[in-house]
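Notes for the one structure printed next.
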Number of protein chains: 2
Amino acid sequence: MVKAKSNLFSEELTNSAALFKALAHPARIQILQYLASQKTCITGDISEVLPLGRTTVNQHIKELKEIGLIKGTIDGVKTKYCLNPCKIEEFKEVFDALYGSLENSCSTISCD
Amino acid sequence: MVKAKSNLFSEELTNSAALFKALAHPARIQILQYLASQKTCITGDISEVLPLGRTTVNQHIKELKEIGLIKGTIDGVKTKYCLNPCKIEEFKEVFDALYGSLENSCSTISCD
DNA sequence: TTTATTTGACGCAAAAATACGTCAAATAAA
DNA sequence: TTTATTTGACGTATTTTTGCGTCAAATAAA
């Protein structure tokens with residue numbers, strides 16, 4: 001049996017990995033980019049611009065909502081999806097911190 | 001049967017998702033950070049600084065090697081692992097491009 | 001040579017991710 | 001009210017990921 005290893009890593013590490021995992025599928029990246037390209041919060045069936053079925057896309061949207069990268073507000077029978085700039089900013093900070101820690105050391109590394 | 005959907009997305013999108021997936025596990029992030037902290041290419045059992053078994057860590061290392069973020073060179077019976085600055089730089093470019101496309105639009109989005 | 005050390009390959013089991021069909025609730029339109 | 005539309009919840013099948021034990025090859029040490 002595979003043990004529950006979720007709590008074996010630091011919270012920061014777990015949080016970072018979860019953010020990267022959110023972008024670990026082309027559909028989810030495309031959803032974010034589509035939302036951005038519309039320049040406004042959008043409603044309707046996003047699956048029409050993706051090569052996947054509606055429920056599958058809905059599932060990817062749900063994951064993006066759960067991690068906080070997008071928000072969904074109910075507007076009558078429709079749901080309005082929006083990018084969440086705060087979370088996107090947080091993602092950038094996480095990435096930059098990681099990149100910084102990796103990049104700083106690169107110059108002193110002798111590889112080949 | 002679940003159809004093969006791998007080629008339904010653009011190559012760029014698939015490539016980006018693969019990079020993010022490489023960091024989608026805390027162990028893989030920690031391995032990269034450990035390599036960077038050593039300030040040199042290292043050899044030996046990295047699993048000693050991770051809460052996972054040796055073969056499991058080896059598998060994560062293999063994934064990082066396959067995506068190109070680290071390199072491994074054979075040195076006698078030992079294997080020397082190094083960060084690959086080129087790939088890390090490429091990762092930053094991919095991230096910055098994505099962030100740019102998302103961030104640009106954020107200012108014009110009205111969310112709440 | 002014999003014995004240890006280091007490492008990756010291989011296989012297996014459990015868990016998670018992926019893709020999608022069906023259904024029901026909620027609202028809008030007729 | 002009846003009918004259509006929109007959406008998420010739920011279940012299911014398949015694939016992928018994760019974690020690890022075992023084994024063998026390759027080198028180093030005795």
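Residue numbers start from 1 in every chain, and the chains themselves are labelled A, B, ... in the order their sequence lines are given, proteins ahead of strands.
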Q: Give the rounded distance in Å between these two atoms: CD of B/Gln30 and P of D/dT18.
A: 15 Å
Q) Starting at the 5' end of DNA chain C, which residue's closest nucleotide do you reach first, A/Gly76 or A/Arg28? A) A/Arg28
Q | D/dG8 phosphate, OP1 or OP2, under 4.0 Å from A/Lys65 side-chain N/O | A | yes
(Q) Other residues, nucleotides and ligands only: do more than 12 of their heavy atoms fall within 6.0 Å of NZ on A/Lys65? (A) yes
(Q) In this structure, how many angstroms lie between the C1' atom of D/dG8 and the CD atom of A/Gln59, rounded? (A) 11 Å
(Q) Do A/Phe91 and A/Leu23 have side chains that approach each other closer than 4.5 Å (heavy atoms only, starting at C-beta)? (A) yes
Q: State whether A/Asn58 places a side-chain N or O below 4.0 Å from either non-bridging phosphate oxygen (OP1 or OP2) of D/dT7.
A: no
**Q.** Spacing between A/Ile74 atom CD1 and C/dT27 atom C1', to the nearest angstrom
**A.** 11 Å
Q) What integer distance in Å separates B/Ile46:CD1 from D/dC20:C1'? A) 18 Å
Q | B/Glu90 bridged to B/Lys87 by N-O distance under 4.0 Å | A | yes
Q) Atom CG of A/Leu8 and atom P of D/dT18: how far apart are they, to the nearest Å? A) 15 Å
(Q) Whether A/His60 contacts C/dA17 is assessed here as follows: a side-chain N or O lying under 4.0 Å from the phosphate OP1 or OP2. Is that the case? (A) no
**Q.** Nucleotide forming a Watson-Crick or wobble pair with D/dG8, both distances under 3.5 Å
**A.** C/dC23
Q.
From CD1 of A/Ile70 over to C1' of D/dG8, roughly how many Å is that when rounded to an integer?
A. 14 Å
**Q.** C/dA29 - base-pair partner by Watson-Crick or wobble geometry, distances under 3.5 Å
**A.** D/dT2
Q: Ignoring backbone atoms, test whether A/Tyr81 places a side-chain nitrogen or oxygen under 4.0 Å from the OP1 or OP2 oxygen of D/dT6.
A: no
Q | Under-3.5 Å donor-acceptor pair between B/Arg54 side chain and C/dG8 base | A | yes
Q. Atom NZ of A/Lys62 to atom C1' of C/dT18: distance rounded to whole Å?
A. 13 Å
**Q.** Between C/dG8 (P) and B/Lys78 (NZ): distance, integer Å
**A.** 13 Å
**Q.** Distance-minimising heavy-atom pair for B/Ala22 and B/Arg28
**A.** O-NE, 2.8 Å
Q | Residue pair B/Thr55 / B/Gln59, side-chain heavy-atom distance below 4.5 Å | A | no
Q: Give one of base, sugar-phosphate or nothing for B/Thr79, where a contact means two heavy atoms less than 4.0 Å apart.
A: sugar-phosphate
Q) What is the base-pairing partner of C/dA16, counting Watson-Crick and G-U wobble geometry with both distances under 3.5 Å? A) D/dT15
(Q) It should be established whether B/Thr56 places a side-chain nitrogen or oxygen under 4.0 Å from OP1 or OP2 of nucleotide D/dC20. (A) yes
Q: Can you figure out which of D/dT18, C/dA19, C/dT6 approaches the side chain of B/Val77 most closely?
A: C/dT6
(Q) Please find the pair of heavy atoms, one from B/Gly72 and one from B/Tyr81, that lie closest to each other, and give the distance. (A) CA-CD2, 4.2 Å
Q.
Can you see if the side chain of A/Lys21 gets near the phosphate of C/dA17 - specifically, an N or O under 4.0 Å from OP1 or OP2?
A. yes
